[in-house]
Each structure stands twice: as C-alpha cells, then as structure tokens.
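Have a look at the structure below before the remarks.
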Amino acid sequence: MIGSTPAMAHENPASSRQALQAHSDEFAKKVVQVSERVYVAVGYSASNVALIQGKDGSIIIDTSANPNDARAILAAFGDKLVKPIRAIIYTHNHPDHSGGALVFAGNGKPEIIAHKTMLSAKPDVGRGRREGGDAFGVSLKADQFINAGTQLEYGRTTPHTREGFLPPTRTFDGDELDLTIAGVKLKLIHAPGEADETVAVWLADDKVLFSGDDLLKTFPNISPLRGLPTRPVEKWITSLEKMLALNPEYIVPGHMSPISGETAAKDALTAYRDGIKSIFDQTMDGIGKGKTPDELVQDVKLPPNLAKHPYLQEWYGGVAWTVRGIYAQQAGWFDGNATNIFPLTPAERAEKLLAMTGGKEGMLKSAARAITDKDFQWAAEQADYVLAVDAKNADARKIKAQAFTELGERQKNATARNYYLTTAQYLRSNP
Ligand SMILES: [Zn+2]
C-alpha cells in the first residue's frame, strides 16, 4: 500500500531513487547552441538563461537565481555574448528567473522588459514550513537529497535573496508586444500559466520559442505543495494553444534542455496542452456529477498514451494535486458532503476513535504494525490521531517520521520526496 497516488511512487525505494537520480541528468551543466544566434545556459543555476545575439548587442532572457550563478553564466557564454547587453526580458517574476539581473546589466543600461502584471506579482504565501516540510528540500541532509524536480537544487547552496533583482524599466499591457532590439525582431506574448505574468518570447525569423515555465519536461506544477494558489489552468491551456499556433522549430524552456525540430516541438506542446486539458475536463465533469475531491483523485488519470509521455511524468507537479487544486479553484473548499460543513475538530475525532481502539497505546501498537506491514500512509494517519490529543507524544512522532521516510524514499516526485523527508528529519530532531 502506498497511498492514493501510485503513479508518483514505486513499491521499491531503490527504484525510485534510481529514477530520480537519472532525472538529474536533465540538469547537467551545458551551453547549448539552439539556432545560429541563440544559446542557452542549462544547469548553471536553478533556471535557464538564454542569449540572443543581435547586430550590435545581445538580448538576455531570464537572469538565473542569484548574482553568483549569473557571473558563472556570463563566463560560460564568453565571447558568444555580443556586447553590450541591450535588453533583459523576464519570462516571469519567480526568484530563480529574476535574481541575477544586476550582473547582466553590469555598468550598462539595458532595458528590462516584462509583462505589466509582473509589477503586482506576489511571492508565495507559504505556510511557515509546517513541521519542517519543504518541497525544495533546502535543509535536507546531502545523502537524502537528490534534486528539486525542475532544477538540481534551489536554495541549498545559495539562499534566496533579491539582491540581484532589477525592476522592469519597460512593461506591456495586453496580449502582445512587437519589438526590434539590436536588429532582432521579437514578439512578446502574454502567456499566463506557471505564473500569471508569464511572457513567452517568439523569435520568428529563427522559429525559436522561449516558453518560460509553461512547458517543462515534467507534469506541470499546477497545484504546488509549497503554499500558493492553484495556477490559472484554463489560461495555461490557452497559452499552449497560442504557442502551438506559432509552429516553432525550437523551444527553449525555463528549465532543462531545449527542444529541437518541428515534430518534437509540436509533440511536446500538444501533449502538454492535451494532458492539462484532460485533467481539467475530467475534474469538471466529476464536479458536475457531484463527486468529491477524494473520489476524483481515484478516478481522474491521464489517458494511457499521455501517461507515458516524457513531458508529463510527475517529477515536479502531480495529477492528484492538480485535481484537488482545480476542485478548490472552481468549486470551492466544500466537498458537498454535509458531514463536512462543520466537522469535528481533529482532537475531538481522535479522542472518540482512541476510546474505541484501546487508547493511545492501542493506536500506537496498530501504527507500529502498519509500519511492519509497509502500510505507511495508514501508520502516519494513526500517529496523527495520537498527536491530535498529545502533540508531543514521542512514540507517535517517531512512527510518523518512520512512515514519512518510507513514503519519501518511494516517491519519484521530487517535491513530495523532499517534503516527506524534511518533515521526517524535523520530527527526529524535535522528538
Ligand atoms: Zn522556473
């Protein structure tokens, strides 16, 4: 038994570890030449930085996570960089894309271009790393950490700061902006998806599309664990439609390797659009039939051909979370079962259950048996009943930590793995 999301977990910890370790190859450090005048630095930072050579200067798309990474990328571009940098374009506000602008700007005065909605973009709400949980595994011990799903690591070696961020000097409202910079003709397209303010950049003469994080080689993080609203799913589908209509020959995503060839580009964009749309449509259909989120998580799956697609593997986002996120976004928090209008508090429920099952001792015995039976989710849930009435119960915390270690080690989803394992680490160091 491994819970309700088997697509993201293996029965065997070694095979999960191997799969996620192999996924780290996607973040290998390299500068890739995409077209005659386009290069992208992959794996030097948490996100990619792209370079477009112009007649009398260069354009930089995204700026990496921090000044250190930005300096390494500038060095890696070397004499490919046609000086000066005339413009920096942000695909979106996320700190891993916008944290190194200061270094690329140097002593020059490049225009810094973004969509107007970036000015009001908010950082993640977060939830104070409840019980130490963290999707990026920032504090996880090195032997437990593999990667962060769309990057080798984020925030482990360099803390998140905004010291290298520069605010946009030019923004556009509306859907599109045509620009010529250093003799290079570009179309900027507002493409809400992973972020509301996402800008896709279209270099029509080279047929190169810069997709930001709207297309990544993983199931999209539509409804992340880390504490922020569900992404605008319907707009994301529309953005992918717009990208498909361009018929790109190359795609440079915000993380991982570029895609080369019209067929491969179309295949990835189509799978992404169809995958998101299928989960959205199935969820909406189920809501219409009165199904609860718990029921929908059991029913809604990617169609078999898409479930196998390399761009829809659940390394970062997850289908089950997307279903729950869409439900909350479209139908609200209430699942339709009147029992849940004003449910018992966790402590009240636990007290009543414990009275039926031999008290804390009986529940803990049963939880320990669940660990032996490899029924780890049930072990964690039973530990929670004890913790609901006795938050500092050392045995319950120990069982919960054991359960999370086992569940985490079986995850191929990096964010779930990191969240389980950092919570387990926290419980062990705060017994
Ligand atoms: Zn990103």
Side-chain angles (χ1 to χ4, degrees), residues 23-24 26-29 32 40-50 60-66 69-70 73 88-101 104 114-115 117-118 121-124 126 134-138 147-162 164-165 190-201 209-232 235-236 239-240 243 251-259 268 272 276 311 313-318 321 413-415 418:
H23 180 63
S24 291
E26 302 283 349
F27 318 120
K29 249 186 208 182
V32 182
V40 56
V42 179
Y44 284 83
S45 185
S47 74
N48 291 343
V49 173
I60 292 289
I61 301 179
D62 283 346
T63 64
S64 85
N66 55 63
D69 293 353
I73 290 166
I88 292 171
I89 301 170
Y90 289 133
T91 62
H92 60 297
N93 186 55
H94 289 173
D96 52 329
H97 296 257
S98 57
F104 290 103
H115 193 263
T117 48
M118 180 165 160
K122 294 190 183 87
D124 294 356
D134 173 23
F136 292 110
V138 170
N147 64 52
T150 52
Q151 59 255 117
L152 193 58
E153 64 95 9
Y154 182 48
R156 282 174 62 82
T157 55
T158 314
H160 305 168
T161 66
R162 293 295 262 170
F165 175 74
H190 184 212
E194 153 109 6
D196 287 306
E197 70 277 11
T198 295
V199 167
V201 181
L209 170 69
F210 302 85
S211 64
D213 286 1
D214 283 2
L215 176 75
L216 299 173
K217 198 175 176 187
T218 165
F219 189 86
N221 208 8
I222 290 168
S223 200
L225 293 182
R226 65 180 196 264
L228 64 153
T230 298
R231 267 76 191 245
K235 288 181 188 168
W236 199 330
S239 297
L240 290 163
M243 293 184 197
I251 303 177
V252 179
H255 304 260
M256 300 180 269
S257 296
I259 300 174
Y272 232 56
I276 298 173
Y311 276 73
Q313 301 307 302
E314 296 170 276
W315 303 112
Y316 190 48
W321 311 333
N413 180 285
T415 65
N418 292 335

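Counting starts at 1 for both ligands and their atoms, following the listed order.
If you count the protein N, O or S atoms nearer to the Zn ion (ligand 1) than 2.8 Å, you get 3.
Side-chain contact between V40 and F210 is absent, with no heavy-atom pair separated by less than 4.5 Å. Proximity of I60 to V49: side-chain heavy atoms (C-beta onward) are separated by under 4.5 Å at one or more points.
A perpendicular orientation is assigned to the rings of Y311 and Y272, their planes being inclined by more than 60° (bins at 30° and 60°). The aromatic rings of F165 and Y90 lie parallel to each other, with less than 30° between the two planes, well short of the 60° mark.
Looking at residues two or more places apart in sequence or on another chain, you find a side-chain hydrogen bond (donor to acceptor under 3.5 Å, both in side chains) between D69 and S45, N66.
Residues T198 and E194 bring no donor and acceptor atom of their side chains to less than 3.5 Å of each other.
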